[in-house]
A.B. asks: 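Okay, handing you the structure first.
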Amino acid sequence: PISDKFNDYAQSVYDQLKQHNIRVKIDSRSEKMGAKIRLAEINKIPIMIILGEQEVNNQSISVRRKFSGDLGSLKLDNFINSIEEEIKKRLV
């Protein structure tokens, strides 16, 4: 979440991802978004989900991938389906 007021939505997204057995963590620190992104990149987090007012209003998520950068806004269901497919391909 980009600020504390979006923590409830972040928890909702977290719960839905966990239901699909997708590893996920919430960075709910009161840091600036740039600092959170920088730390995630340093820690080699492959996918970041950024949640703000626009995402809450649209019931969507904003996705950043490690080597691709900002991928834009997606519906959570579409994201979950694509991640599950990616996981299946890696397990084969």
Side-chain angles (χ1 to χ4, degrees):
I2 62 171
S3 76
D4 294 340
K5 63 184 177 179
F6 305 115
N7 284 345
D8 291 339
Y9 184 59
Q11 186 64 47
S12 169
V13 170
Y14 173 90
D15 293 340
Q16 290 180 59
L17 291 170
K18 280 302 225 184
Q19 287 175 355
H20 291 273
N21 296 318
I22 298 171
R23 283 186 294 161
V24 61
K25 293 181 182 179
I26 297 176
D27 185 351
S28 58
R29 297 174 301 134
S30 295
E31 295 284 332
K32 291 184 177 180
M33 185 49 53
K36 288 182 179 185
I37 291 171
R38 195 167 31 260
L39 182 62
E41 289 174 347
I42 289 170
N43 288 325
K44 299 181 180 179
I45 305 298
I47 301 172
M48 291 174 265
I49 296 175
I50 298 160
L51 304 171
E53 187 172 356
Q54 183 176 356
E55 288 76 22
V56 171
N57 292 339
N58 295 333
Q59 292 295 293
S60 64
I61 60 173
S62 182
V63 179
R64 285 182 66 92
R65 289 196 81 121
K66 185 174 177 183
F67 296 108
S68 304
D70 187 10
L71 300 180
S73 185
L74 296 171
K75 291 292 183 186
L76 184 57
D77 291 339
N78 295 342
F79 175 75
I80 290 172
N81 291 336
S82 69
I83 292 300
E84 286 180 329
E85 285 298 317
E86 189 174 324
I87 291 169
K88 286 177 188 174
K89 287 179 184 176
R90 289 182 182 206
L91 294 177
V92 173

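Heads up: numbering here begins at 1 and tracks the sequence. Only this structure's heavy atoms are used, side chains among them; waters, hydrogens and symmetry mates stay out.
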A.B. asks: Quick check: closest heavy atoms across I2 and M33, and the distance to 0.1 Å?
C.D. replies: CG2-CE, 3.1 Å
A.B. asks: Does any non-hydrogen side-chain atom of S62 lie less than 4.5 Å from one of D70?
C.D. replies: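 Yes; the side chains approach each other to less than 4.5 Å.
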A.B. asks: If you apply the rule salt bridge (charged side-chain N to carboxylate O under 4.0 Å, His left out), what do you find for R90 with E86, and how did you get there?
C.D. replies: CA-CA 6 Å; R90 289 182 182 206; E86 189 174 324; 3.5 Å; yes
A.B. asks: Answer yes or no: is there a donor N or O on one side and an acceptor on the other, between the side chain of K18 and the main chain of V13, under 3.5 Å?
C.D. replies: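 It does not hold such a pair.
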A.B. asks: Check for a donor-acceptor pair, side chain of S82 on one end and backbone N or O of F79 on the other, with a separation under 3.5 Å.
C.D. replies: yes
A.B. asks: Kindly give the heavy-atom pair with the smallest separation between A10 and L51, and that separation in Å.
C.D. replies: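 The pair with the smallest heavy-atom distance is CA-CD1, 3.4 Å.
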A.B. asks: Do D15 and Q11 have side-chain atoms, one donor and one acceptor, less than 3.5 Å apart?
C.D. replies: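 There is such a pair between these side chains.
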A.B. asks: Looking only at heavy atoms, what is the nearest atom pair of L76 and Q16, with distance?
C.D. replies: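 For L76 and Q16, the tightest heavy-atom pair comes out as CD2-OE1, 3.2 Å.
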A.B. asks: So, do I37 and I50 sit near enough that their side-chain heavy atoms are less than 4.5 Å apart?
C.D. replies: yes
A.B. asks: May I ask you to check whether over 12 heavy atoms, not counting those of Q59, lie within 6.0 Å of atom CD?
C.D. replies: yes
A.B. asks: Without swapping roles, check the side chain of K66 against the backbone of E41 for a donor-acceptor pair under 3.5 Å.
C.D. replies: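 Pair absent, no side-chain N/O of K66 close to backbone of E41.
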A.B. asks: If we count only N and O atoms by modelled type, under 3.5 Å, do the side chains of S60 and S73 hold a donor and an acceptor together?
C.D. replies: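 Yes, a side-chain donor-acceptor pair sits under 3.5 Å.
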A.B. asks: With sequence neighbours left out, write down each residue that passes side-chain contact (heavy atoms from CB on, under 4.5 Å) with L39, or none if nothing qualifies.
C.D. replies: R29, N43
